[in-house]
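Worksheet: the structure to be examined is printed underneath.
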Amino acid sequence: MNEAEDAATTIARLLKNNLRVVKDNGALASINISSEWQNAAAFKMDDGQITVGLAECSDQKMELTGKIRRRLSVIRVNVWTTETPNADESAKTLRNKIVEEVNQILRRNSTKPNETTYTFVGLGAGGQGSGAFSGAEEASPNTDAWVELSDAEYQKLWYSDDDRYQLSSSESGKHAVLLLRFKVESRERTVKRLVLSFEGYGTSPLGDGITVKVWNHSAGVWENTQTNDAAEEETILLNVSAALPDYVDAEGYVWFLAETAKPTDGQTPATLECDTASCMVVVNGITYCDVVGYRNLDRVDIKPPVYRTEFTVKSWFIENIGA
């Protein structure tokens, strides 16, 4: 049975992965998001803070037997800013920008707060999170056969813009293979669905198309094969909804492989082109959230003043305890 992720963790991750606040000078604001309460030390390193915590949770029966129940959670989301030397704009202005962005994110994702999509946007070589590697055979993700893409090659995976990363293999009998690694932030036992997506196409003298697979680290094999025969760009999806802990390893990685459907004949290369790729993770947890209201709780009687806005957010999680 999957574990349920607590509502505050889900809301904090939702904000972390979607929050983008632009300062007056055009730069992105640095916002610290945590499940702890206000941390004075963080004011020295970031433009602002957001703290997320559970205020209360009630359990309600949805039918007479009590097997179907709803956990109704109330979450406190606090936005904090303070005046700092050499700041580009006032703390009050920045607080108001963060508040507006938080409000938009929560409302926009009200029916899917437990869904997180991981992409390669902004990533480059040498990171410990998501990554991309080229190869010419279906090797284990843990072997030395893979070569990480360069920063310039990573940029070709950032967006669906027809600026594709191209990989070719000329050795007879070999495929062009791309290994994609996604770093999942949730505990593996809270994950209830993975949707892996590859946008691109493959060509070979022996037949066009691409094949995608996902790594089962428990069995040590590539599984859940999906394939097509397209010679032009299209999106191929791979869904995993059973035995999820087998596909999210101990470090939180999901390994996704894409290769040309057919190998090269040794004369004409097999070529794989990727425009972009992603991994959507659905966790077992709240499936609805909404902003009940918010209020300002500024402390202007201290120096420097602290500007604070507190959101009250409701959420719910439906569970069948008889299943």
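Computation of the quantities below employed the complete heavy-atom set of this structure, encompassing side-chain atoms and omitting hydrogens, waters and symmetry-equivalent molecules. Quick note: residue numbers are just sequence positions, from 1.
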**Request:** For Asn228 and Ile210, indicate whether the former's side chain and the latter's backbone hold a donor-acceptor pair under 3.5 Å.
**Result:** yes

**Prompt:** Is there a donor-acceptor pair closer than 3.5 Å between any side-chain N or O of Thr260 and the backbone N or O of Pro263?
**Reply:** no

**Prompt:** Take atom CD1 in Ile302; do more than 12 heavy atoms of anything else shown fall under 6.0 Å from it?
**Reply:** yes

**Request:** Report yes or no: is the cationic atom of Lys183 (NZ for Lys, CZ for Arg) closer than 6.0 Å to the six-membered ring centre of Tyr118, at no more than 45° off its axis?
**Result:** no

**Message:** Salt bridge check, Glu89 against Lys97: does any charged N sit closer than 4.0 Å to a carboxylate O?
**Reply:** yes

**Presence of salt bridge, Arg187 and Glu3, under 4.0 angstrom** = yes

**Request:** May I ask you to say whether Arg13 pairs ionically with Glu5, meaning some side-chain N is under 4.0 Å from a carboxylate O?
**Result:** yes

**Donor-acceptor under 3.5 Å (Glu115 side chain, Lys112 main chain)** = no

**Request:** Would you mind checking if Arg71 and Glu319 are paired as a salt bridge, meaning a charged N to carboxylate O distance below 4.0 Å?
**Result:** yes

**Message:** Please check: side-chain N/O of Asn296 versus main-chain N/O of Asp298, any donor-acceptor pairing under 3.5 Å?
**Reply:** no

**Prompt:** Can we say Arg295 and Glu310 salt-bridge, meaning some charged N sits less than 4.0 Å from an Asp/Glu carboxylate O?
**Reply:** yes

**Message:** If the threshold is 4.0 Å, N to carboxylate O, is there a salt bridge linking Glu83 and Lys303?
**Reply:** no

**Request:** On the 0 to 90° scale, with breaks at 30° and 60°, tag the Phe120-Tyr154 ring pair as parallel, tilted or perpendicular.
**Result:** tilted

**Request:** In sequence, state the C-alpha distance, the side-chain angles, and the governing distance for Lys156 and Asp163, and then conclude on salt bridge (charged side-chain N to carboxylate O under 4.0 Å, His left out).
**Result:** CA-CA 6 Å; Lys156 296 180 180 295; Asp163 182 19; 3.1 Å; yes

**Prompt:** Counting distance only, does the side-chain N/O of Asn25 pair as donor-acceptor with the main-chain N or O of Ala27 below 3.5 Å?
**Reply:** yes

